[in-house]
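What follows is a short report on a single structure.
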Amino acid sequence: MLNAESMLRQQIDELEEQGKYYEMIKPLNELVELLSVRCASGGCSTSKETPEYAVALDRLGGLYRNTGNLERSEEVYKQAVQTSATVFGTNDPNYATTLNNYAGLQRLRKNFDGAEDAYKRAEGIYNATLGPNHVLTVSCLNNRGLLRQDQSRLDEALELHTEALRRLNAEPGNEVAKATTLNNLGSVYAKMGKYEEAKDHIEQASKIYQETVGEASDLYLGQIHNLASIQALGGDFEGAKEHFEWVLDRVRDMFGPRSDNLVSVLNNLISVYEQLGLDDKAQSAREELKEIKN
């Protein structure tokens with residue numbers, strides 16, 4: 001018979017596999033609380049925290065971030081970073097992973113200096129422990145490239161993503177990471193107005209995602225959102241509309257009714273609807289957006 005912890009882990013894994021991230025919040029909180037109580041009662045052998053507790057906190061912080069509760073994500077991630085440092089030490093890849101994830105939250109909150117610092121610290125740890133071509137080290141290059149995109153420093157972003165792809169090609173086998181990098185390059189090219197290059201990279205990434213993680217994954221979902229964005233930038237508003245609407249239904253189900261992902265899709269759809277003269281649909285999207293912001 002499964003104990004409470006095993007049952008929670010099983011439920012969380014099943015929901016994640018189904019892409020129901022919003023529904024994961026409750027059982028993951030329960031797991032964190034269970035692990036916290038176990039530690040507080042003396043069940044931790046080497047310190048107040050355990051690796052399982054540190055990993056669960058990191059996962060919960062990311063879940064709050066992805067479902068749009070950035071304030072709660074900040075609270076959880078601060079605890080996760082501290083716990084990870086205690087459990088693993090500050091020169092360990094596990095600690096670097098928590099830093100890398102925390103940096104993603106800072107980037108989302110427009111705290112670019114904080115994000116840059118955390119990405120660089122994570123990259124330094126990965127580089128020293130795993131090597132420059134490891135997929136986790138490369139993830140920091142990609143993330144700093146995304147940060148440069150947010151800052152409109154597109155030449156620097158292109159350089160970082162290109163270097164990430166070069167390193168991945170030097171160590172074959174990380175196809176999902178390669179697809180993510182191709183996707184990032186497509187985004188840069190689109191922002192530079194190079195739509196053919198953008199479309200080529202996005203289509204390459206899309207094929208890899210379909211073959212490796214499937215259309216039900218959040219990675220493929222983000223991929224189709226990026227493709228729709230490029231179609232809109234290139235003037236293919238009908239194609240963009242079809243893909244944005246496909247993404248919208250899945251974003252609501254995956255990330256809940258208030259996520260930043262949902263806000264992004266709605267904003268893009270409003271623009272596309274206006275271009276197509278679909279005023280009723282544009283107004284409906286505006287009303288949903290207003291409800292989210294209130």
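Note that these values count all heavy atoms, side chains included, but never hydrogens, waters or copies made by symmetry. Keep in mind the model is a prediction, meaning the values are calculated, not measured. Numbering starts at 1 and runs along the sequence shown.
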query = In terms of ring plane angle, is the pair Tyr220 and Trp246 parallel, tilted or perpendicular, where the classes change at 30° and 60°?
reply =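 Correct class here is perpendicular.
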
Salt-bridge present ([X], [Y]; N to O < 4.0 Å):
X: Glu75; Y: Arg72; answer: yes
X: Glu163; Y: Arg166; answer: yes
X: Arg250; Y: Glu245; answer: no
X: Lys207; Y: Glu203; answer: no
X: Lys194; Y: Glu197; answer: no
X: Glu116; Y: Lys120; answer: yes
X: Arg144; Y: Glu123; answer: yes

Sequence-distant partners of Tyr195, ring-ring contact (aromatic ring centres under 6.0 Å, His included), two or more places apart = none

remark   = For residues 97-112, the salt bridge (charged side-chain N to carboxylate O under 4.0 Å, His left out) pairs (sequence neighbours left out) are Glu71-Arg109, Glu74-Arg109, Arg107-Asp150

inquiry  = As an exercise, state the distance from OG of Ser73 to CG of Asn66, rounded to the nearest 0.5 Å.
reply    = 8.0 Å

message = My understanding is that only residues two or more places apart in sequence, or in another chain, count here; which of them pass salt bridge (charged side-chain N to carboxylate O under 4.0 Å, His left out) with Glu274?
response =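 Listed in chain order: Arg286.
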
ask   = Run the salt bridge (Lys or Arg N to Asp or Glu O under 4.0 Å) check on Lys191 and Asp155 step by step: do they pass?
value = CA-CA 11 Å; Lys191 290 173 181 175; Asp155 289 337; over 6 Å; no

Cluster question for you: counting only ILVMFWY and a side-chain heavy-atom cut-off of under 4.5 Å, with indirect links fine, are [X] and [Y] together?
X: Leu165; Y: Ile208; value: yes
X: Val251; Y: Leu15; value: yes
X: Tyr95; Y: Leu57; value: no

key: Heavy atoms of other groups near Glu159 CD, more than 12 under 6.0 Å   = no

query = Do you see a donor-acceptor pair shorter than 3.5 Å between the side chains of His134 and Glu171?
reply =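 Result is no, nothing qualifies.
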
inquiry  = Does either side chain, that of Asn183 or that of Thr180, offer a donor lying less than 3.5 Å from an acceptor on the other one?
reply    = no

request  = Start with the C-alpha distance between Phe255 and Leu262, add both sets of side-chain angles, then the distance that settles side chain to side chain contact (heavy atoms under 4.5 Å, CB included), and finish with yes or no.
outcome  = CA-CA 8 Å; Phe255 299 109; Leu262 183 57; over 6 Å; no

